[in-house]
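Worksheet: one structure, shown below.
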Amino acid sequence: DAGVTQSPTHLIKTRGQHVTLRCSPISGHKSVSWYQQVLGQGPQFIFQYYEKEERGRGNFPDRFSARQFPNYSSELNVNALLLGDSALYLCASSFRDFTGELFFGEGSRLTVL
Amino acid sequence: GEDVEQSLFLSVREGDSSVINCTYTDSSSTYLYWYKQEPGAGLQLLTYIFSNMDMKQDQRLTVLLNKKDKHLSLRIADTQTGDSAIYFCAESMPGGGADGLTFGKGTHLIIQP
């Protein structure tokens with residue numbers, strides 16, 4: 001069975017650009033969460049979606065946005081990239097609405113130059 | 001505010017028990033989790049405990065919770081080289097997905113032969 005898949009796995013952008021990261025949850029999972037993991041730190045919560053509705057949002061600026069599609073896949077968008085946005089972006093899925101029993105993908109490594 | 005603290009490194013001999021400690025500050029935490037992250041990979045849920053429990057055992061893993069002291073520990077019996085990873089403690093709050101999970105910075109478990 002396929003786990004959570006994320007694309008792209010690695011990407012390099014320059015300051016001011018825009019990035020879109022994609023996530024496909026485990027089949028049957030209706031909730032997707034996004035986390036940012038800066039090197040040497042624990043993951044930090046960005047968004048959670050369930051049944052295409054935003055359920056929660058972490059302490060991130062409005063440059064960060066996300067959406068969930070009818071097939072439960074999700075996109076994370078970041079505008080006006082800053083050097084500090086360089087991180088591993090992790091997507092996690094779960095069957096139920098908010099639960100800490102999350103299944104994580106391997107992440108998208110974003111480097112901003 | 002919420003804060004989860006962990007020591008950064010733990011070194012143990014293969015075959016010994018590993019005890020990874022975590023402290024949290026928010027007494028309204030509902031569930032506490034242990035996640036494992038191997039190099040280049042996403043996070044994997046190991047186990048979790050509900051805040052009204054004192055202990056949970058799952059094969060080689062034992063979780064102890066001292067709610068009065070806001071202290072959580074993960075004991076890994078008979079530590080093997082495959083246990084080498086970063087271990088994250090995380091807490092969730094009541095009230096749904098608004099806040100996501102709050103993670104500590106992670107403890108690097110180093111196994112000596």
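Naming: A, B, ... by sequence-line order, numbering from 1 per chain.
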Under a 3.5 Å distance rule, please check whether A/Tyr35 uses its side chain to pair with a backbone N or O of B/Leu101 as donor and acceptor. yes

Which bit of B/Gln37 comes within less than 4.5 Å of chain A, counting heavy atoms only: side chain, backbone, both or neither? side chain

Could you tell me whether a side-chain N or O of B/Tyr48 sits under 3.5 Å from a main-chain N or O of A/Gly100, the two making a donor and an acceptor? no

Tell me, side chain or backbone of B/Phe88 under 4.5 Å from chain A's heavy atoms, or both, or neither? side chain

I need the residue from A/Glu101, A/Gln6, A/Gln44, A/Glu106 with the largest number of non-hydrogen atom pairs under 4.5 Å to chain B. A/Glu101

Is it the case that atom CG in A/Leu39 sees more than 12 heavy atoms from other parts of the structure closer than 6.0 Å? no

Taking side chain as everything from C-beta outward and backbone as N, CA, C, O, which of these in A/Ile46 sits under 4.5 Å from a heavy atom of chain B? Side chain, backbone, both or neither. neither

For the NZ atom on B/Lys56, are there more than 12 heavy atoms of other groups (residues, nucleotides or ligands in this structure) within a distance under 6.0 Å? yes

B/Asp58, CG atom: more than 12 neighbouring heavy atoms under 6.0 Å: yes

Is A/Glu54 close to chain B through its backbone or its side chain, or both, or neither, when contacts mean heavy atoms under 4.5 Å? neither

Within a 6.0 Å radius of atom CD on B/Gln112, are there more than 12 heavy atoms belonging to other residues, nucleotides or ligands? yes

Using a cut-off of 6.0 Å, state whether more than 12 heavy atoms not belonging to A/Phe95 lie near its atom CZ. no

So does A/Phe103 have more than 12 non-hydrogen atoms from other groups sitting under 6.0 Å from CZ? no

Which atom pair, heavy atoms only, marks the closest approach of B/Gly42 to A/Leu90? CA-CD2, 4.2 Å

